[in-house]
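Reminder, nothing fancy here: chain letters follow the sequence lines and each chain counts from 1.
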There are 2 protein chains.
Amino acid sequence: MDDGPDDLPPFDLGTFLPYRLAVAAKRSSEDLARLYRDRFGLTVPEWRVLAHLAGAGPDISVRDVEAGIQLERYEVSRTAARLAAKGLLEKTASPADRRLVVLRLTPAGRALLAELLPLAQAYQARIEARLGAAGYQGLDAALRALEAEED
Amino acid sequence: MDDGPDDLPPFDLGTFLPYRLAVAAKRSSEDLARLYRDRFGLTVPEWRVLAHLAGAGPDISVRDVEAGIQLERYEVSRTAARLAAKGLLEKTASPADRRLVVLRLTPAGRALLAELLPLAQAYQARIEARLGAAGYQGLDAALRALEAEED
DNA sequence: CAGTATTCGTTGCAATTGCTACGATGTCAA
DNA sequence: TTGACATCGTAGCAATTGCAACGAATACTG
């Protein structure tokens with residue numbers, strides 16, 4: 001019966017913030033992913049790279065994307081290679097600095113985004129509606145605080 | 001110069017909630033992971049399984065863990081196998097239902113948690129302090145709303 | 001009780017990931 | 001100019017992951 005002294009402090013993972021954030025992030029990512037996985041065959045990093053290209057200027061290198069979407073360089077590189085294989089973007093060496101690889105959406109890529117971005121925006125609107133204005137502002141403020149540098 | 005008609009709606013990944021949640025989750029997970037990766041050689045799923053065992057009763061099966069910590073069954077199985085190999089928990093067949101595998105912390109596992117849990121709690125306290133009482137309550141409420149069923 | 005369906009946990013296989021090293025290009029200083 | 005150093009992107013390799021199929025044990029149905 002006796003498992004020994006209960007020397008462990010009480011702990012509930014369900015109230016633990018890193019865990020809760022991970023669960024919320026995974027859940028919303030998966031909800032969203034249903035929009036683009038089944039319909040367009042995209043993975044999460046593929047979606048991110050495309051979304052970044054949609055929102056940024058025309059001459060974007062791998063390192064620009066890396067800085068913008070919180071992926072490691074090699075992951076951007078591999079994701080871009082896959083997207084290029086699918087015909088959604090082109091990779092060309094930058095004439096100004098031949099170390100750089102410029103990523104540019106193809107017409108097919110733009111067409112896909114023209115369909116997908118409104119769906120993403122609708123998803124965002126749905127979440128905001130569910131949280132309510134005050135709730136959303138609270139979340140926004142908290143995320144902003146978490147995004148800020150610490151240490 | 002002309003890239004064709006700008007047929008894409010404006011979109012900024014930086015304001016997109018699934019993305020922001022993913023970034024915040026990854027960041028806090030990594031901050032926390034520094035506590036247990038360098039020091040105890042644990043991975044995230046290993047930490048989660050141990051934390052769940054710490055907070056739950058003594059007779060916990062793989063499927064109980066699965067339900068509790070948002071991991072797929074096979075991931076719990078593999079994680080438990082690794083933890084068993086490290087000597088942090090034992091796996092035994094349940095006498096009541098021999099399909100079930102009961103996971104139980106070893107003394108080494110309990111000792112590790114006795115060191116680690118206070119660090120995790122301190123981390124949580126630090127985040128709450130950074131957010132302030134109002135900020136934390138706002139985040140808590142929003143996460144609760146996101147955790148609730150939708151559809 | 002026999003036969004079928006379901007649950008539980010594990011594993012094989014292919015794909016993805018993370019780390020590290022590498023070649024290619026560019027920068028800087030003497 | 002030349003040589004050391006930094007940056008960019010890629011690729012090799014090992015480890016992890018996701019999926020699906022499987023064997024074992026139990027529950028259900030007639």
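- An OP1 or OP2 oxygen of C/dG9 is reached within less than 4.0 angstrom by a side-chain nitrogen or oxygen of B/S61.
- Not a single side-chain hydrogen bond (donor to acceptor under 3.5 Å, both in side chains) links B/R98 to another residue, sequence neighbours left out.
- Annotation: the terminal axes of the helix from C/dC1-D/dG30 to C/dA30-D/dT1 meet at 30°, where each axis is the rotation carrying the C1' atoms of four end pairs onto the next four (5 pairs per end, rounded to 10°).
- For the residue pair B/L143 and A/A24, the shortest heavy atom distance occurs at CD2-CB, 3.7 Å.
- Residues meeting the side chain to side chain contact (heavy atoms under 4.5 Å, CB included) test with A/E128, sequence neighbours left out: A/Q124, A/Y136.
- Looking only at side-chain heavy atoms (C-beta outward), B/R130 and B/R126 stay at 4.5 Å or farther from each other.
- Paired with A/L113 under the rule side chain to side chain contact (heavy atoms under 4.5 Å, CB included), one option of A/L105, A/L53, A/L88 passes, and it is A/L105.
- The stretch residues 16-25 of chain B participates, sequence neighbours left out, in these side chain to side chain donor-acceptor pair (under 3.5 Å) pairs: A/D140-B/R20, A/E147-B/R20.
- Here A/T43 lies out of heavy-atom contact (under 4.0 Å) with every strand.
- Proximity of A/L35 to A/W47: side-chain heavy atoms (C-beta onward) are nowhere separated by under 4.5 Å.
- Taken residue by residue, residues 79-95 of chain B places heavy atoms nearer than 4.0 Å to DNA chain C at B/K91.
- Within the 4.5 Å cutoff, no side-chain heavy atoms of A/V101 are placed close to those of A/T92.
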Polar pairs (N or O, both sides) under 3.5 Å between protein and nucleotides 4-7 of chain C?
residue: C/dT7; atom: O2; partner: B/R99; partner atom: NH1; Å: 3.2

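- Contact detail for A/A142 and B/G135: the closest heavy-atom pair is CB-O, 4.3 Å.
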Determine all donor-acceptor pairs shorter than 3.5 Å in which one atom belongs to a side chain in residues 55-65 of chain B; sequence neighbours excluded.
residue: B/D59; atom: OD1; partner: B/R104; partner atom: NH2; Å: 3.1
residue: B/S61; atom: OG; partner: B/R63; partner atom: N; Å: 3.3
residue: B/S61; atom: OG; partner: B/D64; partner atom: N; Å: 3.3
residue: B/S61; atom: OG; partner: B/D64; partner atom: OD2; Å: 3.2
residue: B/D64; atom: OD2; partner: B/S61; partner atom: N; Å: 3.0

Tell me which donor-acceptor pairs under 3.5 Å the side chains of residues 67-76 of chain A have, and how far apart each pair is, sequence neighbours excluded?
residue: A/R73; atom: NE; partner: A/E66; partner atom: OE1; Å: 3.1
residue: A/R73; atom: NH2; partner: A/E66; partner atom: OE1; Å: 3.2

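- Contact footprint of chain A on DNA chain D: nucleotides with an atom under 4.0 Å from a non-hydrogen protein atom, first to last in 5' to 3' order, D/dT7 to D/dG12.
- Between the CG atom of A/D97 and the P atom of C/dG26 there is a distance of 5 Å, rounded to whole Å.
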Just list the side-chain donor-acceptor pairs under 3.5 Å for residues 8-18 of chain A, sequence neighbours left out, or say none.
residue: A/D12; atom: OD1; partner: A/G14; partner atom: N; Å: 2.9
residue: A/T15; atom: OG1; partner: A/D12; partner atom: O; Å: 3.0

Using residues 36-45 of chain A as the side-chain source, report each donor-acceptor pair under 3.5 Å to any protein atom, sequence neighbours left out, with the distance given to one decimal.
residue: A/T43; atom: OG1; partner: A/E46; partner atom: N; Å: 3.4

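- Under the 4.5 Å side-chain heavy-atom criterion for ILVMFWY residues, no single connected hydrophobic cluster contains both B/L100 and B/V49.
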Nucleotide N/O to protein N/O under 3.5 Å, stretch nucleotides 18-20 of chain C:
residue: C/dG18; atom: N7; partner: A/R78; partner atom: NH2; Å: 2.8
residue: C/dG18; atom: O6; partner: A/R78; partner atom: NH1; Å: 3.3
residue: C/dG18; atom: O6; partner: A/R78; partner atom: NH2; Å: 3.1

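- For the side chain to side chain contact (heavy atoms under 4.5 Å, CB included) with A/L146, the lone residue among B/D31, B/V23, B/L131 that qualifies is B/L131.
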